[in-house]
Amino acid sequence: AEVAEAERSGAARDGDDGGFGAARGPQTAAGVNVEKWEELGGNYVLRPPDGVPVRALVHFLGGAFVGAAPHVTYRYLLAGLAEEGYLVVTTPFWLGFDYLEVVDQILARFERAALPLAQEYGPTIPVVGLGHSCGALLQVLISCLFPDTPRAANALISFNNKPIAEAVPAFEELVTPIAKAALADTAEAKQLREVLQGVRALAASTLESAAAQARPFAAEHGKEGEQGQKEAAGAAQAGASSAGAAAAGDGFGSDGAVGGAVG
């Protein structure tokens with residue numbers, strides 16, 4: 001609730017309490033249209049409109065599967081946040097059974113964007129973790145398993161911590177038999193693993209191709225979606241308020257700012 005209030009009012013607070021410290025001076029983006037995504041170290045970055053002060057860096061993680069192309073699947077939500085003055089960094093990921101490995105890969109990518117952005121905007125810009133569904137769970141794991149990761153707060157939308165058999169439809173009927181067959185120590189299992197790796201690579205290529213094709217369309221029809229962006233951003237704020245924002249650090253310096261250690 002404290003974070004939500006700060007977002008609504010933009011009030012300046014002391015940097016020691018995890019707030020969005022306007023007293024530290026406004027950080028402004030340099031002439032980049034809000035619809036223009038940039039690829040940076042395996043992440044996608046969306047800056048606020050020209051002349052809008054940067055209030056915080058939002059590190060966004062999407063849900064399972066759609067989180068592989070979040071700049072496309074969550075475009076309206078993230079563009080709405082950028083319009084409100086948030087520097088958006090979203091890290092694509094492929095979900096695996098080893099969540100620790102997934103989180104480690106996400107942080108390795110995020111660090112490649114966080115360091116140059118800290119040099120550009122200053123190391124005291126606060127970082128807010130934002131996650132939807134599985135992305136919300138991953139944000140919690142990041143804060144718990146890597147406490148040195150800079151986080152002023154986390155905003156969790158549709159947090160999902162169900163067992164995988166309940167979270168994934170038809171998991172026991174379809175996924176479990178395939179996984180068991182692929183993990184067996186046989187020649188057939190090796191061939192199955194190669195097929196699954198090929199399918200995964202094809203899916204990743206298809207998503208990236210779809211994202212590339214969607215960018216011109218998104219730029220052309222961005223004005224038409226302005227109302228949708230505002231509605232999505234309002235829904236996200238309401239969802240984040242109902243779910244609550246969990247503080248995970250003092251908000252600035254070593255563990256709450258973009259310039260802190262990523263872990």
Task: Parallel, tilted or perpendicular: ring planes of His71 versus Tyr44, cut at 30 and 60 degrees - done: parallel
Task: Ring geometry between Tyr74 and His132 (parallel below 30°, tilted from 30 to 60°, perpendicular above 60°) - done: perpendicular
Open item on the list: Donor-acceptor pair, distance only, cut-off 3.5 Å: does the side chain of Asn43 make one with the backbone of Gly41?
Closed with: yes
Task: Main-chain N/O of His59 paired to Gln139 side chain as donor or acceptor, under 3.5 Å - done: yes
Could you measure the distance from the [atom1] atom of [X] to the [atom2] atom of [Y]? Nearest 0.5 Å is fine.
X	Y	atom1	atom2	answer
Leu107	Leu138	CG	CG	10.0 Å
Ser143	Asn154	OG	CG	4.0 Å
Asp98	Gln105	CG	CD	9.0 Å
Tyr99	Cys134	OH	SG	4.5 Å
Leu117	Tyr121	CG	OH	7.0 Å
Leu156	Leu137	CG	CG	9.5 Å

Open item on the list: Measuring only between side-chain heavy atoms, which start at C-beta, is Trp37 closer than 4.5 Å to Leu78?
Closed with: yes
Task: Heavy-atom side-chain proximity of Val88 to Leu57 below 4.5 angstrom - done: no
Where do [X] and [Y] come nearest, in terms of heavy atoms and distance?
X	Y	answer
Ser133	Gly63	CB-CA, 4.3 Å
Pro48	Val54	CG-CG2, 3.8 Å
Pro92	Gly42	CD-O, 3.3 Å
Leu95	Ala64	CD2-CB, 3.7 Å
Pro70	Thr90	CG-OG1, 3.0 Å

- [ ] Step by step, work out the side-chain contact (heavy atoms from CB on, under 4.5 Å) result for Leu77 and Phe60.
- [x] CA-CA 10 Å; Leu77 167 65; Phe60 178 78; 4.1 Å; yes
TODO: Dump the intermediate steps for side-chain contact (heavy atoms from CB on, under 4.5 Å) on Ile142 and Leu61, then the final yes or no.
DONE: CA-CA 11 Å; Ile142 288 173; Leu61 299 176; 4.0 Å; yes
Open item on the list: Whether the Arg47 and Tyr86 side chains hold a donor-acceptor pair (N or O, under 3.5 Å, no angle test) is what I'd like checked.
Closed with: no
Task: With Leu145 via side-chain contact (heavy atoms from CB on, under 4.5 Å) - residues at least two apart - done: Leu100, Leu141
Task: Check against side-chain contact (heavy atoms from CB on, under 4.5 Å), Val89 and Val58 - done: CA-CA 6 Å; Val89 178; Val58 170; over 6 Å; no
- [ ] Establish, for the pair Arg151 and Phe110, whether the NZ or CZ atom is under 6.0 angstrom from the six-membered ring centre and no further than 45 degrees off its axis.
- [x] yes
